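All residue numbers in this chain count up from 1 along the given sequence. The shown structure was predicted, so the numbers you read here are calculated from the model rather than taken from an experiment. Values below: every heavy atom of this structure, side chains too, minus hydrogens, waters and symmetry copies.
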Amino acid sequence: MNNQHPESQVVRRQSAPRLSFEPAAIYEYPEHLRPFLRELPAVPGVYLFHSDSDTMPLYIGKSVNIRSRVLSHLRTADEAAMLRQSRRITWICTAGEIGALLLEARLIKEQQPLFNKRLRRTRQLCSLQLTDRTVQVVYAREVDFSQTPHLFGLFAHRRAALQALQSLADEQKLCYGLLGLEPLSRGRACFRSALKRCAGACCGKESPDAHQLRLQEALERLRVICWPWKSAIALKESTAELTQYHIINNWLWLGAVSTLDEATTLARMPAGFDHDGYKILCRPVMSGQYEIIELDPENAPASS
């Protein structure tokens with residue numbers, strides 16, 4: 001005989017685990033996109049998933065193989081919401097990965113796709129500037145990052161810049177007070193010195209010169225490289241199918257042309273520092289593995 005009180009049975013039934021379903025669990029292969037798959041090229045470039053809107057794509061991506069990358073989206077349930085809203089797929093071919101990266105970054109900033117969560121426009125871009133023995137946060141809206149020396153790191157906002165400086169101080173046992181991260185009383189050791197987290201430049205245990213040298217060495221790996229040319233350049237990128245010349249000035253990608261005869265107009269365009277352009281272009285431009293042609297904006301392109 002069951003002697004349990006009926007209320008205990010009710011409680012037991014109410015506490016039974018409930019099954020939950022993620023939207024992706026009802027994923028179905030997007031048959032409505034199949035007609036677009038036949039034409040997808042297996043070359044570098046940018047691809048766009050569109051909804052019914054002609055002005056705002058759902059998602060923009062890039063790949064060295066457009067066909068392979070787009071098909072990978074269609075095989076996963078994690079992107080079911082985006083695929084259900086997609087009505088068509090378009091693409092733009094480029095001459096290589098650099099062109100794909102640059103075009104993707106530009107299109108995302110211009111069109112702000114719903115499902116892209118990175119490469120958004122940074123409104124408070126800032127850097128750490130080393131001047132004499134002080135470090136200060138400077139902003140791209142006030143300082144030309146492409147021409148200003150002794151800048152270290154690119155950060156989305158002031159808090160991120162100061163957090164990076166604090167991390168370097170912790171790593172190298174630098175003095176928060178001398179770096180301006182906290183108040184410092186003259187002639188007195190900082191609090192972190194007593195904890196042996198500061199090497200003691202604040203109280204004479206370490207010379208100011210030694211402290212400065214360690215700061216410079218720690219910052220060096222974050223150095224922002226000034227634009228090395230007087231004007232715009234053309235970076236040549238090519239595959240068997242396509243050749244493009246990327247016109248770049250002050251780390252800003254001005255566009256791509258198929259011949260150098262078309263470069264002069266782009267080279268004359270105003271060019272301010274671009275965060276995404278710097279991240280994408282600095283290594284390939286400085287590596288020496290690509291042909292670089294320095295451009296004279298007033299005349300025909302000059303041979304390098």
Side-chain angles (χ1 to χ4, degrees), residues 41 43-48 57 60-66 90-113 116 118-122 125 127 140-141 143-149 151 154 223-304:
V43 299
V46 171
Y47 59 90
L48 302 88
I60 298 174
K62 57 84 187 168
S63 178
V64 293
N65 187 321
I66 294 174
T90 61
W91 55 88
I92 304 170
C93 299
T94 64
E97 184 177 19
I98 294 176
L101 286 164
L102 291 167
L103 184 58
E104 178 200 35
R106 172 177 288 181
L107 291 177
I108 288 175
K109 284 187 288 190
E110 289 177 350
Q111 302 188 33
Q112 296 288 296
N116 286 91
R118 59 187 183 86
L119 289 173
R120 302 289 186 175
R121 190 177 298 278
T122 301
L125 181 66
S127 183
R141 63 176 180 265
V143 174
D144 184 353
F145 281 14
S146 65
Q147 304 293 332
T148 304
L151 295 182
L154 297 171
R223 180 179 289 278
V224 178
I225 298 176
C226 291
W227 182 243
W229 290 274
K230 294 180 180 179
S231 58
I233 63 167
L235 182 150
K236 182 180 180 181
E237 186 177 35
S238 60
T239 62
E241 298 82 11
L242 181 64
T243 294
Q244 289 181 316
Y245 294 91
H246 299 292
I247 311 305
I248 308 155
N249 196 5
N250 294 333
W251 300 114
L252 174 67
W253 181 59
L254 299 171
V257 294
S258 56
T259 67
L260 285 176
D261 292 335
E262 306 169 70
T264 303
T265 301
L266 285 178
R268 291 173 179 162
M269 293 174 60
F273 182 85
D274 178 60
H275 179 206
D276 295 318
Y278 181 85
K279 290 196 301 181
I280 294 167
L281 289 165
C282 186
R283 182 172 294 179
V285 165
M286 303 304 294
S287 69
Q289 68 181 98
Y290 292 92
E291 181 181 353
I292 301 292
I293 300 97
E294 189 169 3
L295 302 175
D296 180 350
E298 302 301 326
N299 301 297
S303 300
S304 61

Inset, instruction - Inspect the surroundings of CD in E97 and state if more than 12 heavy atoms from other residues, nucleotides or ligands are less than 6.0 Å away. - result: no

Pairwise side-chain contact, [X] with [Y], heavy-atom cut-off 4.5 Å (strictly under):
| X | Y | result |
| --- | --- | --- |
| L266 | V257 | yes |
| L102 | L281 | yes |
| S258 | T243 | no |
| I280 | H246 | no |

Legend entry - L252 and M269: CA distance, side-chain angles, deciding distance, side-chain contact (heavy atoms from CB on, under 4.5 Å) verdict: CA-CA 10 Å; L252 174 67; M269 293 174 60; over 6 Å; no

What heavy-atom pair brings [X] and [Y] nearest, and what distance separates the two atoms?
| X | Y | answer |
| --- | --- | --- |
| L254 | A271 | CD2-CB, 4.2 Å |
| L260 | A234 | CD2-CB, 3.8 Å |
| Q244 | C93 | NE2-O, 4.3 Å |
| I247 | A263 | CD1-CB, 3.7 Å |
| K62 | Y47 | N-CE2, 3.5 Å |
| E104 | I60 | OE2-O, 3.9 Å |

Inset, instruction - Using only heavy-atom distances, determine whether the side chains of N65 and S63 contain a donor-acceptor pair under 3.5 Å. - result: no

Legend entry - Any donor-acceptor N/O pair, Y278 side chain to I225 backbone, under 3.5 Å: yes

Reported [atom1]-to-[atom2] distance for the pair [X] and [Y], which is rounded to 0.5 angstrom:
| X | Y | atom1 | atom2 | result |
| --- | --- | --- | --- | --- |
| E237 | I98 | CD | CD1 | 4.5 Å |
| S127 | R223 | OG | CZ | 10.5 Å |
| Q112 | L107 | CD | CG | 11.5 Å |
| I92 | L103 | CD1 | CG | 5.0 Å |
| L295 | K230 | CG | NZ | 14.5 Å |
| L235 | Q289 | CG | CD | 9.0 Å |

Legend entry - Test log, rule side-chain contact (heavy atoms from CB on, under 4.5 Å), inputs R106 and V46: CA-CA 11 Å; R106 172 177 288 181; V46 171; over 6 Å; no

Inset, instruction - Could you pull out all residues at least two apart from F145 that satisfy ring pair (Phe, Tyr, Trp, His ring centres under 6.0 Å)? - result: F273

Legend entry - Partners passing ring pair (Phe, Tyr, Trp, His ring centres under 6.0 Å) against W227 (at least two apart in sequence or in another chain): W229, W251

Legend entry - Any residue meeting side-chain contact (heavy atoms from CB on, under 4.5 Å) with T265, in chain and number order, not counting sequence neighbours: none

